Amino acid sequence: MAEREQWATRLGFILAAVGSAVGLGNIWRFSYVAGENGGAAFLLIYILCILLIGLPVILAEFSIGRRGQSDVVGSFTKIAPGKPWALGGIFGVVSAFTILSFYGVIAGWVVYFLYAYVTGIAQGVEGGTYDEFFFGAIGGAVGPVFWQFLFMAIVIFIVFFGVKKGIELSNRIFMPLLAVLIIILAGFALTLDGAGEGLRFMFSPDWSAFGEPGVYAAAIGQAFFTLSLGMGAMITYASYLPKDTKLPSAAGTVVTLDTLFAIVAGIMIFPAVFTFANIDPTDGAGLIFITLPEVFNLMGGAGTFFAIVFFFLVAIAALSSAISLLEVSVAYAMRQFSWNRKKATIVAGVIVTLFGVPSALSYGGPLSDFLIFGMPFLDAVDALTDRYLLALGGMISALFVGWGWNKVDALRETGLTDTTIGAIWIWFIRIVAPLGILWILILNIF
Ligand code: TRP
């Protein structure tokens with residue numbers, strides 16, 4: 001069998017992990033979830049969830065992958081042979097597959113918006129009617145599938161070239177580019193009239209929101225989604241690491257950069273939203289597709305610039321995340337069926353793309369009347385993964401490292417033997433994170 005692929009450098013791994021973490025979650029999802037849940041209060045609770053649950057769990061996933069040196073199923077099996085933990089891995093592959101199916105659809109909308117701004121189609125829309133424009137764009141039978149396919153083709157193309165030449169190389173280009181673009185846009189947003197109000201919305205909490213359980217559930221769901229936890233993406237990426245990489249500092253870096261990115265994305269979006277009265281930050285999932293285009297429209301010429309840079313940024317962020325989602329299934333298929341990378345990428349990529357078609361057709365398209373629990377197909381798949389699968393997967397990783405694996409080995413793998421941080425970490429993944437997750441799962445069910 002061919003030797004296992006590895007990252008060329010530690011920085012390459014960190015950039016790839018940041019690339020996985022930073023995605024639609026930080027821009028599209030973070031801004032609308034924060035908007036719906038009270039802004040600043042949500043931000044505080046979200047940061048708490050990141051520190052108390054996200055950070056310990058990402059370190060757990062890194063250590064599972066690096067120790068296992070295999071895909072998510074293989075890693076669980078290797079570390080604890082003959083135990084049922086491998087089921088957690090299978091669960092991860094299924095979830096990553098499910099997320100990618102609808103992630104590709106939303107990313108496809110982003111690519112369409114980029115196209116529509118570059119060609120001037122979007123600027124020709126009359127102010128106040130961008131909701132119709134959005135639903136028109138995504139409601140057909142051909143359009144949304146075409147853009148989803150285009151996006152997925154790029155994802156497949158990159159994963160096809162493997163860990164070093166595909167994933168690492170693309171992230172080396174994309175991540176610095178993302179940082180530059182978002183800083184330009186946030187700087188520009190701060191010059192708008194609504195900057196003060198936007199910042200207040202993000203940073204000055206409405207204390208009453210702390211009493212609402214829904215805010216906690218939203219915050220933890222967002223924490224898992226944005227850190228790519230709970231389905232083996234970080235396990236798979238860490239499995240391409242050599243033995244001598246320091247995992248705790250890598251985990252800290254990824255979590256810090258991801259959180260910073262979400263905050264700067266908020267600084268970019270909310271001032272724009274508040275600059276134009278009658279536009280509301282609590283608009284929900286349409287925030288970047290309906291609300292922001294209304295804002296771009298009111299900005300005149302600058303709006304075109306802002307829009308093109310913005311949708312380009314979101315498309316790249318989505319791309320690097322989708323790559324990590326596909327890699328979960330590809331790594332699994334390569335080991336499980338002894339396929340080479342090219343075959344595994346094409347087969348997994350094509351199947352997951354086809355699996356996304358019902359989501360692509362569920363918004364005003366031919367499948368719009370096909371509702372699951374009253375939701376369009378895309379929303380149902382999204383809710384299933386965000387509310388339950390990710391949290392469950394994260395809980396399995398934490399429980400596995402905390403209780404399934406022996407403590408001495410887990411600490412040795414992270415280089416935290418006999419340290420205070422190590423002792424704290426073990427108790428966080430044994431007790432704090434699983435109970436926190438359980439509580440949220442219960443809140444979600446009732
Ligand atoms: N973290 C990505 C985002 O914020 C999405 C993502 C990539 C993901 N890989 C994942 C979410 C694995 C959950 C699990 O957009």
Side-chain angles (χ1 to χ4, degrees), residues 15-34 46 49-50 53-54 57-58 60-62 64-65 71-72 88-89 91-107 109-110 151-152 155 158-159 167 170-171 174-175 178 182 219-238 254-255 257-266 285 288 313-332 352 381-397 437:
L15 290 179
V18 173
S20 168
V22 171
L24 292 175
N26 301 60
I27 307 170
W28 163 72
R29 198 169 188 285
F30 173 79
S31 59
Y32 92 77
V33 175
Y46 162 75
C49 289
I50 294 270
I53 299 178
V57 173
I58 201 172
E61 295 206 353
F62 279 176
I64 297 171
D71 62 282
V72 48
F91 188 80
V93 175
V94 173
S95 315
F97 198 84
T98 313
I99 287 210
L100 182 53
S101 75
F102 75 82
Y103 203 85
V105 173
I106 298 171
W109 301 347
V110 173
F151 176 82
M152 290 303 299
V155 174
I158 293 173
V159 173
I167 303 175
S170 61
N171 277 294
F174 292 160
M175 290 307 112
L178 275 191
I182 197 160
I220 199 162
Q222 174 63 16
F224 277 109
F225 190 87
T226 189
L227 291 175
S228 302
L229 294 177
M231 56 187 43
M234 291 305 182
I235 294 179
T236 307
Y237 270 12
V254 173
V255 167
L257 288 177
D258 182 73
T259 308
L260 266 181
F261 202 94
I263 293 175
V264 181
I288 75 162
L313 166 94
V314 182
I316 288 181
L319 187 56
S320 57
S321 297
I323 288 170
S324 74
L325 286 165
L326 181 57
E327 182 63 19
V328 172
S329 309
V330 169
Y332 170 75
V352 76
V381 187
D382 183 12
L384 173 73
T385 48
D386 297 0
R387 286 197 203 150
Y388 307 104
L389 298 185
L390 292 184
L392 263 176
M395 182 142 97
I396 294 172
S397 294
I437 297 169

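Nothing fancy with the numbering, it's 1 onward along the sequence. FYI, side chains are in, hydrogens and waters are out, and symmetry mates aren't considered; it's all heavy atoms of this structure. Indexing begins at 1, ligand by ligand and atom by atom, following the structure's order. All figures in this text were calculated on a predicted structure; none of them were measured in a lab.
At least one N or O atom of Gly25 sits closer than 3.5 Å to an N or O atom of ligand 1.
Summary of contacts: the protein heavy atom closest to atom 2 (C) of ligand 1 is Ser20 O, 3.2 Å. The shortest contact between atom 1 (N) of ligand 1 and any protein heavy atom is with Phe225 O, 2.8 Å. Of all protein heavy atoms, the one closest to atom 15 (O) of ligand 1 is Tyr103 OH, 2.5 Å.
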Please lay out, stage by stage, how Thr236 and Asp71 fare under the test side-chain hydrogen bond (donor to acceptor under 3.5 Å, both in side chains). CA-CA 5 Å; Thr236 307; Asp71 62 282; over 6 Å; no
List the steps and the verdict of side-chain contact (heavy atoms from CB on, under 4.5 Å) for Leu325 and Val352. CA-CA 10 Å; Leu325 286 165; Val352 76; over 6 Å; no
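No heavy atom of Gly230 sits closer than 4.0 Å to any atom of ligand 1. At a 4.0 Å cut-off, not a single heavy atom of Asp258 sits close enough to ligand 1 to count as contact.
For the pair Asn26 (side chain) and Ala265 (backbone), a donor-acceptor distance under 3.5 Å is absent. In this structure, the side chain of Ser321 engages the main chain of Ser20 through a donor-acceptor pair within 3.5 Å. A side-chain donor-acceptor contact under 3.5 Å links Thr385 to the backbone of Val381.
In summary, of the residues considered (Ile50, Leu229, Ile53), a side chain to side chain contact (heavy atoms under 4.5 Å, CB included) with Ile58 occurs for Leu229 alone.
When all heavy atoms of Ile323 and Ser170 are compared, the pair lying nearest together is CD1-OG, 4.0 Å.
Listed by number with element, the atoms of ligand 1 under 4.0 Å from a non-hydrogen atom of Leu390 are 13 (C). Less than 4.0 angstrom separates some heavy atom of Met231 from each of these atoms of ligand 1: 12 (C), 13 (C), 14 (C). Here is the list of ligand 1 atoms found below 4.0 Å of a heavy atom in Ser324: 7 (C), 9 (N). For ligand 1 and Leu24, the ligand atoms under 4.0 Å from any heavy atom of the residue are 15 (O).
Contacts with ligand 1 closer than 4.0 Å are made by backbone heavy atoms (N, CA, C, O) of Leu229 only, the side chain lying farther away.
In this structure, of Ser228, Ala21, Ala96, the residue bringing a heavy atom nearest to atom 3 (C) of ligand 1 is Ala21.
The aromatic ring centroids of Tyr237 and Phe62 lie 6.0 Å or more from each other.
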